[in-house]
Chemist: 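This structure is in structure tokens; I'll ask about it shortly.
Quick caveat, the model's predicted, so the values are computed rather than measured.
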Amino acid sequence: MLGGQPSALRSASVIPVPQLPTDSAPAAPGGPGSTRARLRLGAVLLLGLLAVLYLALAIRLYFFTTTNAVTGGLLGLALAAVGILYGLLTRAVFRQSRVGHIVAIVVCAAAAVLSIVPGMAWPDWLALGTNAIAFVLLLGCVPRRAAR
């Protein structure tokens, strides 16, 4: 041992340490961490929230109707169908289906317009706002066409 260092340390070579990627590196377009992926995640969350909202309203109208039982039941079934549609659209957007994105955009736009009624209560405002925000997010994350 010379100079207080073991002989193995004196003969060791220096190996460069690889640099870790920084956050300033741009992410792949549409890949994990990109703006499109974040928009898609937000759209999936909002579409899932809309599915839950419409299914909850369907249960409320079907089982706890305050008007005619037949009318409440039929409206409950219609809202359940809409909730299931939103669930399927959520799955299509999550799986990055181009057709699913376009259908989701059309459904969100139509639902936003159709949810505007004269005596709007909080579920109507919630549906309107969520559909409008989901519409904007979906516009920003439509998958590109596959190369032919």
Side-chain angles (χ1 to χ4, degrees), residues 8-9 11-148:
L9 289 178
S11 64
S13 61
V14 177
I15 300 172
V17 178
Q19 294 271 335
L20 293 174
T22 61
D23 289 336
S24 63
S34 69
T35 304
R36 292 171 65 88
R38 290 183 181 138
L39 290 174
R40 186 171 43 254
L41 176 63
V44 165
L45 292 175
L46 288 177
L47 288 172
L49 176 70
L50 283 165
V52 169
L53 173 70
Y54 281 112
L55 288 174
L57 289 174
I59 291 170
R60 181 176 159 224
L61 278 174
Y62 190 81
F63 292 110
F64 308 109
T65 185
T66 57
T67 61
N68 185 2
V70 174
T71 305
L74 290 175
L75 285 174
L77 290 175
L79 285 178
V82 170
I84 291 169
L85 174 67
Y86 272 106
L88 292 173
L89 291 175
T90 302
R91 183 176 182 269
V93 171
F94 179 75
R95 296 178 63 107
Q96 300 182 28
S97 165
R98 181 173 172 82
V99 173
H101 269 75
I102 294 169
V103 171
I105 288 170
V106 171
V107 168
C108 284
V113 170
L114 292 175
S115 67
I116 300 172
V117 292
M120 292 181 69
W122 68 269
D124 301 318
W125 285 107
L126 183 62
L128 172 65
T130 309
N131 274 307
I133 294 170
F135 173 76
V136 171
L137 291 177
L138 285 166
L139 284 178
C141 67
V142 175
R144 293 182 177 95
R145 291 180 189 233
R148 292 182 184 189

Chemist: Supply the atom-to-atom distance L50 CG to L45 CG, rounded to the nearest 0.5 angstrom.
Modeler: 11.0 Å
Chemist: Rounded at 0.5 Å granularity, tell me how far CG in L89 sits from CD1 in I105.
Modeler: 10.5 Å
Chemist: Locate the shortest heavy-atom distance separating G73 from Y62; write the atom from each residue and the value.
Modeler: O-CD1, 3.4 Å
Chemist: Looking only at heavy atoms, what is the nearest atom pair of A43 and V93, with distance?
Modeler: CB-CG1, 4.5 Å
Chemist: Hey, what do you get for CG (L85) to OH (Y54), rounding to the nearest 0.5 Å?
Modeler: 10.0 Å
Chemist: Could you report the tightest heavy-atom contact between D124 and S115, atom names first, then the distance?
Modeler: CB-O, 4.1 Å
Chemist: Rounded at 0.5 Å granularity, tell me how far OG1 in T90 sits from CG in L49.
Modeler: 9.5 Å
Chemist: Using 0.5 Å steps for rounding, measure from the CG atom of L47 to the CG atom of L88.
Modeler: 11.5 Å
Chemist: Which atom names give the shortest non-hydrogen contact between C108 and L138, and what distance separates them?
Modeler: SG-CD1, 4.0 Å
Chemist: What heavy-atom pair brings G42 and L137 nearest, and what distance separates the two atoms?
Modeler: C-CD1, 3.6 Å
Chemist: Determine whether a donor-acceptor pair (N or O, by modelled atom type, separation under 3.5 Å) exists between the side chain of R36 and the backbone of V142.
Modeler: yes
Chemist: Kindly give the heavy-atom pair with the smallest separation between C141 and L39, and that separation in Å.
Modeler: CB-CB, 4.0 Å
Chemist: From L55 CG over to I84 CD1, what is the distance, rounded to the nearest 0.5 angstrom?
Modeler: 6.5 Å
